[in-house]
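Following: one structure in structure tokens, then a few remarks.
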Amino acid sequence: MRSSTGFLLASGLASQALAAKLIASHFSGPVYTLDLTLANATSGTLKVTGQTSGCGRIPSWITIDKASNSVYCFDESWYGSGVLAQFAADDEAILTPKASAPTLGNSVFGALYGGDDDKSFVITAEYSPSTITTYKLPLSASSKPVQKLSWTMAQPGPRPDRQDKPHPHGAFLDPTKTFLVVPDLGADLTRIFKINKATGELTACPTAASLPGDGPRHGEFLETEAGLRYYSLNEVASSVGMYNVTYGADGGCLALDLVQTLSTFGDRKGTTTEKAAELRIAGEYLYASNRNDQKFGKEQDSLAIFKLNKADGSMTFQELTNSYGYYPRPFQVNAAGTYVAIGGQTTANVAIVARDAATGKLGPLVANIDLPPRGTYGGEDGLSAVLWYE
Ligand SMILES: *[C@@H]1O[C@H](CO)[C@@H](O)[C@H](O)[C@H]1NC(C)=O
Ligand SMILES: *[C@@H]1O[C@H](CO)[C@@H](O)[C@H](O)[C@H]1NC(C)=O
């Protein structure tokens, strides 16, 4: 099978990539279309083929709905107003602004949920106002929130510099698509909501505590032989946590029980200047990105690789591998499992590394592109997100 954005699967061989498209956002405003062309399995080039604006002043995150040729972009603007933008992608993944809704800004994440198609609403997480907000799709200039929930804390958490108040940082659908889990970096817990699919309304379930000082940021579900598991990327502690997932009887709540926590550095704990960022699962491997360990040299941070036990989902640390960037904030494995796109936040680059699906190992570097301007040390600037358009 072959398509301009897809892959040719050679029988009996590792898949041979021909070309692929990616979408990347930059904190300074632009949203890019990138073309990856491969000369062979381990060597290629990345080119900018499109650039648009329309995601406000500080695009922080993107989500793709390929079925409707849509890219959604979330604005972290801290100037008191922002946007929630939808772009239409053409056959070459070139983006045109399609619709946008006004927000109060400071969104660090967004995801689709609800409705008959599980993508009739969008939820955004606002870091400093400590809120989540939901909207009905399609978006328009007169879109109003369906719901807005906000939280406070009586006192700061164990890392007062990061945990001064609640900081919701993501929103992840469970496999039944009837619950959303919202990691709260400030409050050291994962918030859980039951979805009313018809109205998009969220009802709070009991929260799941993380370890004190974990600072959960992102997460992903995985079905194992022993049942469903949820993996949490903990930014403040630079660790990953594995939770058992259970469902209450008769439409009751989803519950998370923490089973295992491992450092994203293997044999040592993270320091206060290191901040894990993203977590992705592919096959029997889990990957987590480390910002600011410079394990592989100046401005060369690491990704951690964990092997997942097929039976019960437990994690074993394998090794650190080069992310080819400084502050790898976003990264994603392609659908074929053969390449990983890594966004270096501060270096403002996108690196493509090869992935061995059998061993889970990453490398070598296949292609790289710099998308200036670079970010500043520790700043919320530079490259914010990158996803495969597939
Ligand atoms: C892949 O292509 C690059 C660039 O054309 C070349 O330098 C390299 O030798 C090739 N590698 C293999 C394994 O064919
Ligand atoms: C998690 O589930 C496993 C069975 O898959 C069970 O043995 C274990 O006790 C559970 N742990 C917690 C903390 O719920």
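Note: hydrogens, waters and symmetry copies are ignored here, and every other heavy atom, side chains too, is used. Fair warning: this is a prediction, and the values are worked out from it, not measured in the lab. We're numbering straight along the sequence, starting at 1. Order of listing sets the numbers, starting from 1, for every ligand and every atom in it.
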Checklist entry - Among Lys361, Lys307, Lys295, whose salt bridge (Lys or Arg N to Asp or Glu O under 4.0 Å) with Glu319 holds? => result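 Exactly one pass, corresponding to Lys361.
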Next on the checklist: Closer than 4.0 Å and a protein heavy atom, does any atom meet both conditions relative to atom 9 (O) of ligand 2?
Outcome noted: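 Under the 4.0 Å cut-off, atom 9 (O) of ligand 2 has no protein heavy-atom neighbours at all.
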Checklist entry - Between the side chains of Ser232 and Asn234, is a donor N or O closer than 3.5 angstrom to an acceptor N or O? => result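 The criterion, which ignores hydrogens and geometry beyond distance, is satisfied for Asn234 and Ser232.
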Checklist entry - Any luck finding a side-chain donor-acceptor pair between Ser107 and Glu76 under 3.5 Å? => result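 On atom types as modelled, these side chains do not qualify, holding no pair under 3.5 Å.
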Checklist entry - Would you say ligand 1 has an N or O under 3.5 Å from any N or O of Thr42? => result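 No; the residue has no nitrogen or oxygen that sits under 3.5 Å from a nitrogen or oxygen of the ligand.
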Checking a contact table here: which protein heavy atom is nearest [atom], and how many Å away?
atom                    : result
atom 11 (N) of ligand 1 : Asn40 ND2, 2.9 Å
atom 14 (O) of ligand 2 : Asn244 ND2, 3.1 Å
atom 5 (O) of ligand 1  : Ala39 CB, 4.1 Å
atom 3 (C) of ligand 1  : Ser43 OG, 3.5 Å

Checklist entry - Mind checking whether Phe193 and Trp151 have parallel, tilted or perpendicular rings, split at 30° and 60°? => result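 Tilted, since the angle between the ring planes falls between 30° and 60°.
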Next on the checklist: Quick check on contacts: which atoms of ligand 2 are under 4.0 angstrom from a heavy atom of Ala226?
Outcome noted: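 So the answer, numbered in order with elements, is 5 (O).
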Item to check | Which of the ligand 2 atoms, numbered from 1, are nearer than 4.0 Å to a heavy atom of Asp257 | outcome: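 The atoms of ligand 2 under 4.0 Å from a heavy atom of Asp257 are 14 (O).
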Next on the checklist: Below 4.0 Å, non-hydrogen atoms only: which portion of Arg229 touches ligand 2? Side chain, backbone, both or neither.
Outcome noted: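 Near ligand 2, Arg229 shows its side chain, while the N, CA, C and O stay back.
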Checklist entry - So, do Phe172 and Phe109 have ring centers that fall under 6.0 Å from each other? => result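 Yes, the ring of Phe172 comes within the 6.0 Å limit of the ring of Phe109, centre to centre.
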Next on the checklist: Quick check on side chain to side chain donor-acceptor pair (under 3.5 Å): which of Asn349, Thr347, Asn292 does Tyr326 satisfy it with?
Outcome noted: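 Of Asn349, Thr347, Asn292, side chain to side chain donor-acceptor pair (under 3.5 Å) with Tyr326 is met by Asn292 alone.
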Checklist entry - Is the shortest heavy-atom distance from the side chain of Leu308 to the side chain of Tyr285 under 4.5 Å? => result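 No - every pair of side-chain heavy atoms lies 4.5 Å or more apart.
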